[in-house]
Structure formats: C-alpha cells, structure tokens
Q: 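Have a look at the structure that comes next, please.
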Amino acid sequence: MIKFVVAFIFILFDVVLGVENIQFDLLPDFIGYAILVYGVWRMQKRHGETPDFQAAAKQGLLLFVVSAVITYICCLLDLYGIVSDLGVYAAWTAALVTDILGILAIYMYIRLLSGLQGLNQRFQVKRINTLLMVKVLCTACQYVAITFAVSEFAMTFQIFEMVVNLMLLVYMTTSAFTYKEKYMQNNA
C-alpha cells in the first residue's frame, strides 16, 4: 500500500519547470497512475476472494489506465508547448481535467479501502472521505475564482488544497501501515 502513497505524491503535487511556452512537470501524473495500476493489480492477486474489493479493483484499474493515458497526452502537449499555444482556456481545461481525474482517483482509493476492510474499521476511510469533500470544495472554489478573475481567492483556495493534499497523504500513509501490519499478521 506504500505504492499508493507514492503514486498519490505524483498525482497530487505538481512541480513544474517552464521555459517560454514549454512546461515540464517533475512529478508527472501518468507515472502515479501507472503505479496505481500496478498496485491494484498486485492487491487483486492477494485479495481475490473479497467480492467488494474485486468490484472496486476492476473499476479502479479501468479508471487508472484511462487516467494514465489522458495525463500522458496532457504531459506531452505541455512538453511540446501545444497547450500554451492554444491559449488560456486550453490550459485551464487541461488543468481541470487532471484535477477531476485526481479527485476520482482518491474516490476510487476510498472504494478500494472500503472493499478491503469490510465491516472492520481498520483504515482511515471516513477521514479520507471528509478530506476528499474538502478538496472538491477547494478545487471548485478555485476554478470559480479563476473564472471571475479573482486571483487572490484562487491562490487562497490553492493553498488550502495543498494543505488538504498533505493531510490526505498522512492518512493514506497510516492506512498503508495498518494494511501492512494486518496483512503480515494474517500471513504469519
């Protein structure tokens, strides 16, 4: 499950280097989605008998593969400067699509954890779900502020979103260690 934490570092955080109209993300999202595909595939082998997890895993694999392809295309378009050549609205749309895919990835992660835990409350599902709702609200407010050209509010919501992303990673890490402890305990 530590793979999921590493994957979400790639997905949730953007470190962009830019020269003129060419931008390069040091933490490309498609690598995070590829790690998620591998992680779900590995967990699917381990937990094949859990029907709730299997249903979530199939949906997760589909979402993560599609997200990897879309974000790879966006990364290539940024790298060659095509998005910035198309204008502000193209960059805004590409950012919105990647943000929506990130939100869906977190939602699918919650579904995977819920499928694994069943009725036992081992993981941080409720807290991650609450943080997801706050992230959705911050993202929506950020795009509304951008639409109405109020950059100060957009920056404020972007900072709130970064704090929420850090908190999400903390809860994902505790869930990963809980999973490792329970999995090792069951196999011992």
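Computed over heavy atoms, backbone and side chain alike; hydrogens, waters and symmetry mates excluded. As the structure is a computational prediction, the values presented were derived from the model and not from experiment.
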Q: From L63 CG over to M108 CE, what is the distance, rounded to the nearest 0.5 angstrom?
A: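 CE of M108 is found 5.5 Å from CG of L63.
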
Q: Could you see if V65 belongs to whatever hydrophobic cluster contains F8? Use Ile, Leu, Val, Met, Phe, Trp, Tyr and a side-chain cutoff under 4.5 Å.
A: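 Yes, V65 connects to F8 through the hydrophobic network.
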
Q: Just how far is it from atom CZ of F148 to atom CZ of F153, taken to the nearest 0.5 Å?
A: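 Between atom CZ of F148 and atom CZ of F153 there are 12.5 Å.
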
Q: Hey, any chance V6 and L26 share a hydrophobic cluster, counting ILVMFWY side chains that come within less than 4.5 Å of each other, even indirectly?
A: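 In one cluster with V6: L26, yes.
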
Q: Compare every heavy atom of I110 with every heavy atom of N129, then report the nearest pair and how far apart it is.
A: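 Scanning both residues completely, I find the closest heavy atoms to be CA-CD1, 3.6 Å.
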
Q: Check A105 against Y33 and note the closest heavy-atom contact, atom names and distance.
A: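 Smallest heavy-atom distance, with atoms named: CB-CE2, 3.8 Å.
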
Q: I need the minimum non-hydrogen distance between A176 and I2, along with the two atoms involved.
A: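 For A176 and I2, the tightest heavy-atom pair comes out as CB-CD1, 3.7 Å.
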
Q: Hydrophobic clustering (ILVMFWY, side-chain heavy atoms < 4.5 Å, transitive) - are M162 and L137 grouped together?
A: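 Looking at the clustering, M162 is in a separate group from L137.
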
Q: Salt bridge (Lys or Arg N to Asp or Glu O under 4.0 Å): which pairs involve residues 78-92, sequence neighbours left out?
A: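 For residues 78-92: none.
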
Q: With a 4.5 Å heavy-atom cut-off, do D29 and F10 have their side chains touching?
A: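 Side-chain contact under 4.5 Å: no.
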
Q: Heavy atoms, side chains only, cut-off 4.5 Å: are Q142 and T156 in contact?
A: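 No - every pair of side-chain heavy atoms lies 4.5 Å or more apart.
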
Q: As an exercise, state the distance from CZ of F4 to OH of Y38, rounded to the nearest 0.5 Å.
A: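 Between F4 CZ and Y38 OH, I get 11.0 Å after rounding to 0.5 Å.
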
Q: Which distance, rounded to the nearest 0.5 Å, do you find between the CD1 of I11 and the CG of L104?
A: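 The CG atom of L104 is 11.0 Å from CD1 of I11, to the nearest 0.5 Å.
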
Q: Report yes or no: do V5 and Y107 belong to one cluster of Ile/Leu/Val/Met/Phe/Trp/Tyr joined by side chain heavy-atom distances under 4.5 Å?
A: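 Yes, same cluster.
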
Q: Within a strict 4.5 Å, meaning less than it, do heavy atoms of the S175 and Y109 side chains meet?
A: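 In contact.
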
Q: Taking the side chain as every heavy atom from C-beta outward, state whether Q124 and M172 have any pair of such atoms under 4.5 Å apart.
A: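 Contact flag for Q124/M172 side chains = no.
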
Q: Using modelled atom types and a 3.5 Å cut-off, is there a donor and acceptor pairing between side-chain atoms of T178 and backbone atoms of F123?
A: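 Side chain of T178 to backbone of F123, a donor-acceptor pair under 3.5 Å: no, none is there.
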
Q: If you define the side chain from C-beta out and look only at heavy atoms, does anything of L27 sit under 4.5 Å from D14?
A: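 Side-chain contact under 4.5 Å: no.
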
Q: Passes side chain to side chain contact (heavy atoms under 4.5 Å, CB included), L61 versus Q44? Steps please.
A: CA-CA 10 Å; L61 282 173; Q44 203 173 16; 3.3 Å; yes

Q: Can you sort out the partners of F64 under ring pair (Phe, Tyr, Trp, His ring centres under 6.0 Å), two or more places apart, ordered by chain and number?
A: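 If we apply the ring pair (Phe, Tyr, Trp, His ring centres under 6.0 Å) test to F64, skipping adjacent residues, there are no hits.
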
Q: Find the distance between CG (L166) and CZ (F13) and round it off to the nearest 0.5 Å.
A: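 Going from CG on L166 over to CZ on F13, the span is 4.0 Å.
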
Q: Please confirm whether the backbone N or O of V15 pairs with a side-chain atom of D25, one donor and one acceptor, at under 3.5 Å?
A: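 Yes, D25 side chain to V15 backbone: donor-acceptor pair under 3.5 Å.
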
Q: Which heavy atom of Y143 sits nearest to which heavy atom of L96, and what is that distance?
A: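 Taking Y143 first and L96 second, the nearest heavy atoms are OH-N, 3.2 Å.
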
Q: Look at the side-chain heavy atoms of Ile, Leu, Val, Met, Phe, Trp and Tyr, link any pair under 4.5 Å apart, and say whether V144 and M155 land in one connected group.
A: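 No, because V144 and M155 fall into different hydrophobic clusters, even though each may have its own neighbours under 4.5 Å.
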
Q: Evaluate L116 against H47 for side chain to side chain contact (heavy atoms under 4.5 Å, CB included), listing each step before the verdict.
A: CA-CA 8 Å; L116 273 179; H47 303 285; 3.6 Å; yes

Q: Please name the pair of heavy atoms, one in L168 and one in L132, separated by the smallest distance, quoted to 0.1 Å.
A: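 In this case the closest contact between L168 and L132 is CD2-N, 4.5 Å.
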
Q: For C74 versus T98, what's the shortest heavy-atom pair and its separation?
A: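 C74 and T98 have their closest heavy atoms at SG-CG2, 4.4 Å.
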
Q: Look up atom CZ in F157 and atom NZ in K135, then write down how far apart they are to the nearest 0.5 Å.
A: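 F157 atom CZ to K135 atom NZ measures 14.0 Å (nearest 0.5 Å).
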
Q: Run the side chain to side chain donor-acceptor pair (under 3.5 Å) test against Q59 and tell me which residues pass, sequence neighbours left out.
A: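 Partners of Q59 under the side chain to side chain donor-acceptor pair (under 3.5 Å) test: R111.
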
